[in-house]
Amino acid sequence: MQVLKFGGTSVGSAENIQKVKEIVSSVQGQKVVVVSAVGGITDRLISMARTAESGDRTCFENLQSIIDDHFEIIDKLFQPIEKDEVIKLIEPDIEELKIIIKGVYLIRELSRKSFENLSGMGERLSSKIIARYIGANWFDSRHYIKTNYEFGRNQVLIDETQKLLSEVKLEMGNCSLFPGFISSNQKSENTTLGRGGSDYTAALLAAAFDADNLQIWTDVDGFMTADPRVISRAYCIDKLSYAEAMELSHFGAKVIYPPTIIPAFQNSIPIWIKNTFNPSAPGTLINNEKVDIKERQIKGISSIKEVSLLTLQGIGMVGVTGISMRMFTALAANDVNIILISQASSENSISVVIGGDQASIAREAIEYEFRREIAQNHISPVTIDDKMAVVAIVGENMKHTTGIAGQLFNSVGKNGVNIYAIAQGASELNISFVIKEKDIRKALNVIHEAFFLSDYSRLNLFLAGKGTVGSKLLHKVVSQARKLKEENNLMIRLVGVAGSRNMLLEREGLNAATVIEDLDKIGEACTIESFRDRIIEMNVANSVFVDCTASEEVASVYQSLLDANVSVVTANKIASSSSYAAYSKLKATAREKGVKFFFETNVGAGLPVIAPINDLVKSGDKIERLEAVLSGTLNFIVNTLSEENPLSEVIAEAKAKGFSEPDPRVDLSGTDVVRKLLILARESGYVLEQEDVEVEPFVPAEYLDLPSLDAFMDKVKDLNPVFENQRKKLASEGKRLRYAARLSEGKAKVGLIEVDSKHPFYDLEGSNNIILVWSENYNEHPLQVKGYGAGADVTAAGVFADIIKVANV
Ligand SMILES: NC(=O)c1ccc[n+]([C@@H]2O[C@H](COP(=O)([O-])OP(=O)(O)OC[C@H]3O[C@@H](n4cnc5c(N)ncnc54)[C@H](O)[C@@H]3O)[C@@H](O)[C@H]2O)c1
Ligand SMILES: N[C@@H](CCO)C(=O)O
């Protein structure tokens with residue numbers, strides 16, 4: 001035998017009831033169907049009852065609309081001759097409903113008895129209509145499910161219910177239908193089973209009839225790995241143990257109501273969660289099969305919002321017995337349901353999570369209970385954190401597996417989500433923790449990824465600067481997307497872009513291929529500060545800010561972004577070559593926050609320079625000397641100068657080729673090389689400031705002081721013969737000009753040098769860079785890195801590599 005339960009949405013309209021009929025007809029063998037009230041009817045009955053109690057005549061309009069809705073369903077489902085018969089079937093219930101409402105309205109009192117009668121009326125109506133429509137024998141659950149009022153609610157009398165149901169089993173044909181939710185007490189007065197009551201009815205029937213399985217037909221495909229409204233990548237879990245399902249449904253996952261599982265669990269009846277609107281989806285199977293150790297450690301994440309964290313604390317609690325008993329008794333006496341409890345071994349405080357709407361009742365109850373201790377300052381007044389959420393990870397395989405909590409809190413922590421309280425039972429089936437409600441999306445995303453519940457991890461990118469390097473980077477984001485997803489399980493999603501005037505932000509992702517045009521068309525005006533504020537406000541997980549500008553203002557927002565747990569990847573050298581204090585604070589913040597601050601392209605563009613130096617330093621080596629050519633632009637200039645190619649034209653060419661800084665005077669003044677040498681020196685362990693670097697500009701200082709770039713480009717023509725003469729002279733001596741950077745004995749210097757053919761810089765072609773590193777280990781023969789030192793493609797590739805490194809794949 002199979003027991004099939006259909007919830008309110010599944011029977012919410014005539015069309016849906018037709019689907020129910022198809023599902024029931026497709027089931028072979030003996031079947032028992034349980035139905036809820038038509039979707040929304042129970043709430044409407046209750047609200048109507050309250051309206052009647054307050055003496056408001058609109059209760060009668062509400063009543064008529066409830067009746068009309070049922071008649072409309074009958075109208076759609078049945079042929080004219082049958083309709084009258086069905087209406088006759090439900091007439092006595094409708095009459096009873098009218099009488100009770102009239103009574104409540106007249107007496108202005110809604111007694112518990114009337115309430116129970118009214119709230120179960122939806123199932124009485126729906127079950128009769130549906131039984132007739134699907135051709136099932138109708139059985140009145142009130143005759144078989146017996147309750148007793150205890151501890152403020154109706155408790156099912158299991159033995160008596162079992163006995164009555166086993167008797168009725170003998171009378172049942174191939175297809176029977178029972179209304180869910182309704183029951184009666186020993187005086188045969190109508191009662192109901194409370195929240196999730198129809199599921200419970202179905203489980204009781206399945207247990208009493210020893211069914212082969214219990215099918216809960218609802219409007220989702222099954223238990224999802226996380227709330228799909230928050231995590232779009234959440235997917236349906238194929239199998240769960242009873243305990244896992246119980247834990248998941250306790251928090252948030254409203255697929256089934258926990259007590260439902262108990263009768264099925266006790267009788268080892270498998271439960272299927274199936275979707276009425278997608279019946280071919282496999283659904284979730286809940287049973288007591290042994291958990292396969294190869295399965296994922298975490299099956300799902302559940303979450304609950306709109307809760308408050310209430311804390312009682314004070315030194316007067318330490319070592320005093322009965323404090324928790326008094327606190328919990330006070331809460332129970334006021335019908336406050338406790339969702340989570342946390343107490344540290346210091347016994348100095350007890351925190352509980354309760355529904356947000358019960359926070360003030362709970363506070364009053366506890367403060368009253370501890371009024372003496374509070375007056376004597378032994379215990380502090382209760383503190384309440386509102387707008388909180390509880391998140392729980394659930395999985396039987398967590399048992400005795402080390403590192404789960406570490407992985408959980410590490411992933412949440414490095415995304416800047418603060419944890420207010422933690423609870424884990426000794427069963428190790430569930431780790432629950434409390435966070436601010438505003439962080440829930442972020443927390444669920446990172447946990448979903450951390451435990452590989454997602455097929456891939458995701459980086460959320462915010463880009464400032466869409467010029468030479470930035471636009472190439474956007475191409476990379478587009479061209480590499482598929483490969484990264486397939487081979488590295490990494491998805492890079494562009495969620496924000498800012499140019500110098502406009503920005504676009506979209507949590508679900510922008511189109512990297514069109515974003516530059518989109519920015520002009522639909523971008524909103526911005527400053528770098530407003531862009532930063534929006535990034536922080538969006539609070540997305542695994543976010544990376546990428547700076548492809550040469551702007552000081554942009555560099556000045558890194559600190560606040562890192563403080564907000566946003567990683568920073570930058571091609572812009574300004575931050576790392578600003579004051580040593582600011583540079584080291586950025587690095588320290590990234591370390592503290594568990595995020596990344598990467599700037600590999602600051603030196604040597606796409607060449608790996610900073611990483612190898614970092615590795616040497618980490619391995620305990622000491623860097624003693626650096627000699628390098630660090631300017632792609634200046635090397636290109638000295639290599640390209642000729643009679644036909646005078647200085648002024650070669651400068652313009654370096655800019656056109658994307659080698660120079662947006663303002664080439666930054667290169668020609670030596671500033672760009674100073675910045676790079678400073679960064680290399682700092683990364684090598686030296687504490688230096690820009691002023692400590694001795695600098696000889698590539699062109700005389702007076703040329704650099706001109707008010708505009710155009711004026712400079714005009715004036716620099718004067719230097720064409722000077723540079724050409726110098727080149728000729730050097731060529732005749734077998735020498736070449738190089739703009740070199742040197743760090744030795746802690747002293748840094750940049751400037752022009754003449755090199756002969758024996759010098760390692762002599763053959764350095766085009767815009768190439770070379771970096772020679774002498775250390776304790778590399779003393780006779782230096783470590784050497786050589787290759788393209790500038791250019792949009794290589795730089796964008798380097799920035800992209802840094803971005804991927806943030807994801808650690
Ligand atoms: N070109 C290279 O070979 C190379 C190599 C390594 C590093 N870099 C660095 O890359 C950075 C970008 O260089 P580029 O050649 O792409 O410069 P670019 O001038 O082509 O692009 C910079 C862009 O940043 C924009 N911008 C300026 N201020 C901004 C702000 N406040 N907010 C948002 N956008 C702003 C500009 O409008 C421009 O579009 C520079 O810091 C440069 O030093 C370049
Ligand atoms: N302007 C820089 C770009 C690379 O940092 C150069 O010419 O080297």
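In what follows, every heavy atom counts, from backbone to side chain, and hydrogens, waters and symmetry copies are set aside. Ligands are counted one by one from 1 in listed order, and the atoms in each one are counted from 1 as well.
Within ligand 1, the atoms closer than 4.0 Å to a non-hydrogen atom of Thr601 are 6 (C), 7 (C), numbered from 1 in the order shown. Of all atoms in ligand 2, listed by their number and element, those nearer than 4.0 Å to a heavy atom of Ser660 are 1 (N). Taking a cut-off of under 4.0 Å to the non-hydrogen atoms of Ala790, the atoms of ligand 1 that pass are 3 (O). The distance from ligand 1 to the heavy atoms of Lys573 drops below 4.0 Å at these ligand atoms: 43 (O). Residue Glu661 approaches ligand 1 through these ligand atoms, each under 4.0 Å from one of its heavy atoms: 40 (C), 42 (C), 43 (O). Every atom of ligand 2 with a heavy atom of Phe659 under 4.0 Å away is listed here by number and element: 1 (N), 2 (C), 3 (C), 6 (C), 7 (O). Near Ser631, with a cut-off below 4.0 Å to any heavy atom, the atoms of ligand 2 are 7 (O), 8 (O). The Ala550 neighbourhood of ligand 1 comprises atoms 40 (C), 41 (O), with distances under 4.0 Å to a heavy atom of that residue. Listed by atom number, the atoms of ligand 2 under 4.0 Å from Lys676 heavy atoms are 2 (C), 4 (C), 5 (O), 6 (C), 8 (O). The ligand atoms of ligand 1 that sit less than 4.0 angstrom from a heavy atom of Gly791 are 2 (C), 3 (O). Taking a cut-off of under 4.0 Å to the non-hydrogen atoms of Gly632, the atoms of ligand 2 that pass are 6 (C), 7 (O), 8 (O). Of all atoms in ligand 2, numbered sequentially from 1 with element shown, those under 4.0 Å from a heavy atom of Asp667 are 1 (N), 2 (C), 6 (C), 7 (O).
Of all protein heavy atoms, the one lying nearest to atom 33 (C) of ligand 1 is Gly499 O, 3.0 Å. The protein non-hydrogen atom at the shortest distance from atom 19 (O) of ligand 1 is Pro662 CG, 3.2 Å. The protein heavy atom nearest to atom 7 (O) of ligand 2 is Thr633 OG1, 2.5 Å. Nearest non-hydrogen protein atom to atom 26 (N) of ligand 1 is Thr549 CG2, 3.7 Å.
Panel note: side chain Glu694, backbone Ala748; no donor-acceptor pair is recorded below 3.5 Å. A donor-acceptor distance shorter than 3.5 angstrom exists from the side chain of Ser567 to the backbone of Lys596, with no hydrogens or angles considered. Counting only distance, with no hydrogens or angles, the side chain of Ser767 and the backbone of Gly632 share no donor-acceptor pair below 3.5 Å.
With 3.5 Å as the limit, one finds a donor-acceptor pair spanning the side chains of Asp547 and Tyr558. No side-chain donor-acceptor contact under 3.5 Å links Asn415 and Lys442. Between the side chains of Ser579 and Glu689, no donor-acceptor pair is found at a separation under 3.5 Å. Donor-acceptor pairing under 3.5 Å is lacking for the side chains of Ser631 and Asn635. Under 3.5 Å, the side chains of Asn460 and Arg507 contain no donor-acceptor pair of N or O atoms.
Comparing Asp793, Leu473, Val469 against atom 16 (O) of ligand 1, the shortest heavy-atom distance belongs to Val469. With distances taken over non-hydrogen atoms, the option nearest atom 21 (O) of ligand 1 out of Gly798, Ser556, Gly467, Ser471 is Gly467. The option with the heavy atom closest to atom 18 (P) of ligand 1, from among Val603, Thr468, Val666, Val799, is Thr468. Residue Val554 holds the heavy atom nearest to atom 31 (N) of ligand 1 of all those in Thr633, Asp667, Val554.
Scanning both residues, Asn769 and Leu764, for their nearest heavy atoms gives O-CD1, 3.7 Å.
Not close to ligand 1: Glu553, with no non-hydrogen atom less than 4.0 angstrom away. Within the 4.0 Å heavy-atom shell around ligand 2 one finds Gly789. Taking a 4.0 Å cut-off on heavy atoms, Gly632 fails to register as neighbouring ligand 1.
Distances between N or O atoms of Thr601 and those of ligand 2 include no value under 3.5 Å. Ligand 2 has an N or O atom lying under 3.5 Å from an N or O atom of Lys573, backbone or side chain. The shortest N/O to N/O separation between Ala790 and ligand 2 does not fall below 3.5 Å.
Heavy atoms from both the backbone and the side chain of Asn572 come within less than 4.0 Å of ligand 1. Residue contacts with ligand 1 for Ser551 involve side-chain atoms from C-beta outward but no N, CA, C or O (heavy atoms, distance under 4.0 Å).
Using a 4.0 Å threshold on non-hydrogen atoms, atom 36 (C) of ligand 1 does not count as touching the protein.
Aromatic pair Phe659/Phe636: ring centres closer than 6.0 Å.
In this structure, Arg742 pairs ionically with Glu627, as a charged nitrogen and a carboxylate oxygen lie closer than 4.0 Å. Using a cutoff of 4.0 Å between basic side-chain nitrogens and carboxylate oxygens, Lys735 and Asp756 are not scored as salt-bridged. A salt bridge links Arg482 and Glu486; the closest N-O separation between the charged side-chain nitrogens and carboxylate oxygens is under 4.0 Å. For Arg534 and Glu524, the salt-bridge test passes: some basic side-chain N is under 4.0 Å from an acidic carboxylate O. No salt bridge links Glu506 with Arg493; every basic N to acidic carboxylate O contact stays at or beyond 4.0 Å.
Taking the six-membered ring where tryptophan is involved, the planes of Tyr583 and Phe599 are perpendicular, since the angle between them exceeds 60° and thus also 30°.
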